[in-house]
Structure formats: C-alpha cells, structure tokens
Amino acid sequence: MAPEQVAYVGTAAKTLGPALRLAWLVLPARLVEPVVEAKRHLDVQTEVVGQLALADLITSHGYDRQVRTVRRRYRQRRDLLLERLAGWVAVGGVAAGLHATVALPPGGPSEAEVLAAAAARGLALTGLDAHRHRPGAGPPGLVVGYATSPAHRYPAALDELATVLRTVSPRP
C-alpha cells in the first residue's frame, strides 16, 4: 500500500532450512543503491547456487507448496504441544511464530532450576528472562520452540517436557 515507505524483508530459514542463509529484501527505490553498496562492503560471501535454486523454487511455485507443507507441520506440532500440556501449565504466544511460552507457577522452582531440570532430560529451552529488557521484571516462564526437533523425536521430547513441568506444577 505504500511501496516507497515500506521495506519487505523475508527469509527461507523456517521453510527451507537456516543453514541455507537465504533471505530477501523488497525495498523502496531510494534504498536499493545504498543497501547494495552496504552489502558490497559487509557481505562478500553470498553464494549464487542457493539463490538460483530459491529463484527457481519461487518461479515454479515449489516454494509456495513448501510453505503450505511446513505450515501444516508446524500447526500439528503446536497443537500436540498444547494437547500434552493442557491442564498443567498456562501456554501462550501460540498465535504466531514457532514457539510458545509456558508460565511457571508462582512460588515454585525458579526459572533457572526448571531450565536445569529440562537440560538434564536433554531438552533445549530458554527462559523468558533471557528475552526481557530487565531480567526478573516479569513472572517466570519458558520459551518452547516446536520447529527444530526431528519429527521422530518430537513426541518423546514433549513427554520429557511434560514430566519436567509436572514436577514444578502439580495438576490442580
């Protein structure tokens, strides 16, 4: 609606894989040359084969099909996460992104203690404090990503997460 005021930035990290390091910009005309010049000085390592493959995926509509596929997969993973944790803890932040937030009960173990218990079970989580401007300024909680775990390990990882959370938040 305002092409001379808006820069559109996208990445293929969540749909094709973060290792590809492919992204794009749709810029207002006045920004194209300054961005090209900045990129010339900051990033001389952009590989061409991946860019050409992505361009082919886009023009052949293969990328659109891939986006639909991963959206369905991520929705199923999110729904399974919500199902497994229902009744134990409050889960939020699921309307967008590839993670959820899990509120920890007040007066229970600290965020650090829960993260340590999760790590002991092989889970890679972060606490909400790591994402706050002022750590400790809000209630304790976890950030649970649901996109990266291999499909065959995801249900078992959720079982481990549920076990950890049951120890800190007994069912009401």
Side-chain angles (χ1 to χ4, degrees), residues 8-25 43 45 47 49-51 53-54 57-58 61-172:
Y8 176 69
V9 180
T11 177
K14 300 289 195 259
T15 53
L16 297 178
L20 295 176
R21 298 183 53 87
L22 290 171
W24 56 86
L25 298 167
D43 179 17
Q45 301 172 11
E47 55 86 27
V49 175
Q51 292 180 68
L54 178 60
L57 277 172
I58 290 170
H61 302 285
Y63 188 71
D64 293 333
R65 288 187 297 276
Q66 175 67 9
V67 168
R68 284 191 299 275
T69 297
V70 296
R71 278 187 182 154
R72 187 177 329 106
R73 184 178 308 137
Y74 293 149
R75 187 178 320 111
Q76 290 168 341
R77 285 174 170 232
R78 180 202 61 208
D79 292 349
L80 186 58
L81 170 72
L82 293 172
E83 176 187 306
R84 296 277 176 98
L85 300 183
W88 289 99
V89 289
V91 180
V94 295
L98 298 174
H99 66 275
T101 58
V102 174
L104 296 175
S110 71
E111 199 174 278
E113 291 169 323
V114 175
L115 289 172
R121 291 183 166 275
L123 300 173
L125 306 172
T126 58
L128 285 175
D129 256 3
H131 300 279
R132 290 194 171 105
H133 180 65
R134 289 188 327 257
L142 306 174
V143 178
V144 180
Y146 51 83
T148 58
S149 182
H152 69 282
R153 295 188 55 197
Y154 186 66
L158 287 180
D159 289 341
E160 292 295 333
L161 176 60
T163 298
V164 168
L165 293 174
R166 285 181 188 119
T167 64
V168 300
S169 180
R171 190 180 290 260

Fill in the blank from the handout: Residue set satisfying side-chain hydrogen bond (donor to acceptor under 3.5 Å, both in side chains) with Y63, at least two apart, ordered chain then number -> T15

Completion exercise
Residues at least two apart in sequence or cross-chain that pass side-chain hydrogen bond (donor to acceptor under 3.5 Å, both in side chains) with E113, listed by chain then number, are S110

Problem - CG on L115 to CG on L123, rounded to 0.5 Å - result: 10.0 Å

Can you give each donor-acceptor pair under 3.5 Å made by side-chain atoms of residues 72-79, sequence neighbours left out, with the distance rounded to 0.1 Å?
{"unit_1": "Y74", "atom_1": "OH", "unit_2": "K14", "atom_2": "O", "d": "2.7"}
{"unit_1": "R77", "atom_1": "NH1", "unit_2": "Y146", "atom_2": "O", "d": "3.2"}
{"unit_1": "R77", "atom_1": "NH1", "unit_2": "S149", "atom_2": "O", "d": "2.8"}
{"unit_1": "R77", "atom_1": "NH2", "unit_2": "S149", "atom_2": "O", "d": "2.6"}

Problem - Heavy-atom closest pair, residues P155 and A151 - result: CD-O, 3.5 Å

Handout entry: Test salt bridge (Lys or Arg N to Asp or Glu O under 4.0 Å) applied to R132 - qualifying residues, sequence neighbours left out
Key = D129

Exercise for the section: Find out whether Y154 and L80 are in side-chain contact, i.e. whether some heavy atom of one side chain is under 4.5 Å from a heavy atom of the other. Expected result: yes

Exercise for the section: Output all residues satisfying side chain to side chain contact (heavy atoms under 4.5 Å, CB included) with A124, sequence neighbours left out; order by chain, then residue number. Expected result: none

Practice task
Could you tell me which residues satisfy side-chain hydrogen bond (donor to acceptor under 3.5 Å, both in side chains) with R121, sequence neighbours excluded, listed by chain and number?
Solution key: E160

Exercise for the section: Start with the C-alpha gap between L22 and Q51, add the side-chain angles, then the distance that decides, and say whether side-chain contact (heavy atoms from CB on, under 4.5 Å) holds. Expected result: CA-CA 7 Å; L22 290 171; Q51 292 180 68; 4.0 Å; yes

Problem - Sole candidate of L142, T167, L125 that passes side chain to side chain contact (heavy atoms under 4.5 Å, CB included) when paired with V114 - result: L142

Practice task
Name all residues meeting the side chain to side chain contact (heavy atoms under 4.5 Å, CB included) criterion together with A23; count only those two or more places apart in sequence or in a different chain, and write none if there are none.
Solution key: T11

Fill in the blank from the handout: Rounded to the nearest 0.5 angstrom, the CG-CG distance for L104 and L128 is 8.0 Å

Fill in the blank from the handout: Residues at least two apart in sequence or cross-chain that pass side chain to side chain contact (heavy atoms under 4.5 Å, CB included) with P150, listed by chain then number, are H152, R153

Practice task
Please name all residues satisfying side chain to side chain contact (heavy atoms under 4.5 Å, CB included) with H133, sequence neighbours left out, ordered by chain then number.
Solution key: none

Handout entry: Closest approach of A100 to V91 (non-hydrogen atoms, all atoms of both residues)
Key = CB-CG1, 3.7 Å

Exercise for the section: Taking the side chain as every heavy atom from C-beta outward, state whether H61 and D64 have any atom pair closer than 4.5 Å. Expected result: yes

Problem - Gap separating the CG atom of L98 from the OG1 atom of T148, nearest 0.5 angstrom - result: 9.5 Å

Exercise for the section: For E111, check salt bridge (Lys or Arg N to Asp or Glu O under 4.0 Å) against everything at least two apart and list the hits. Expected result: none

Handout entry: Which residues share a side-chain hydrogen bond (donor to acceptor under 3.5 Å, both in side chains) with T126, sequence neighbours left out
Key = H131

Problem - Spacing of L81 atom CG and L161 atom CG [to the nearest 0.5 Å] - result: 7.0 Å

Practice task
Write out all pairs satisfying salt bridge (charged side-chain N to carboxylate O under 4.0 Å, His left out) with one or both partners inside residues 80-94, taking only residues at least two apart or from two chains.
Solution key: R84-D159

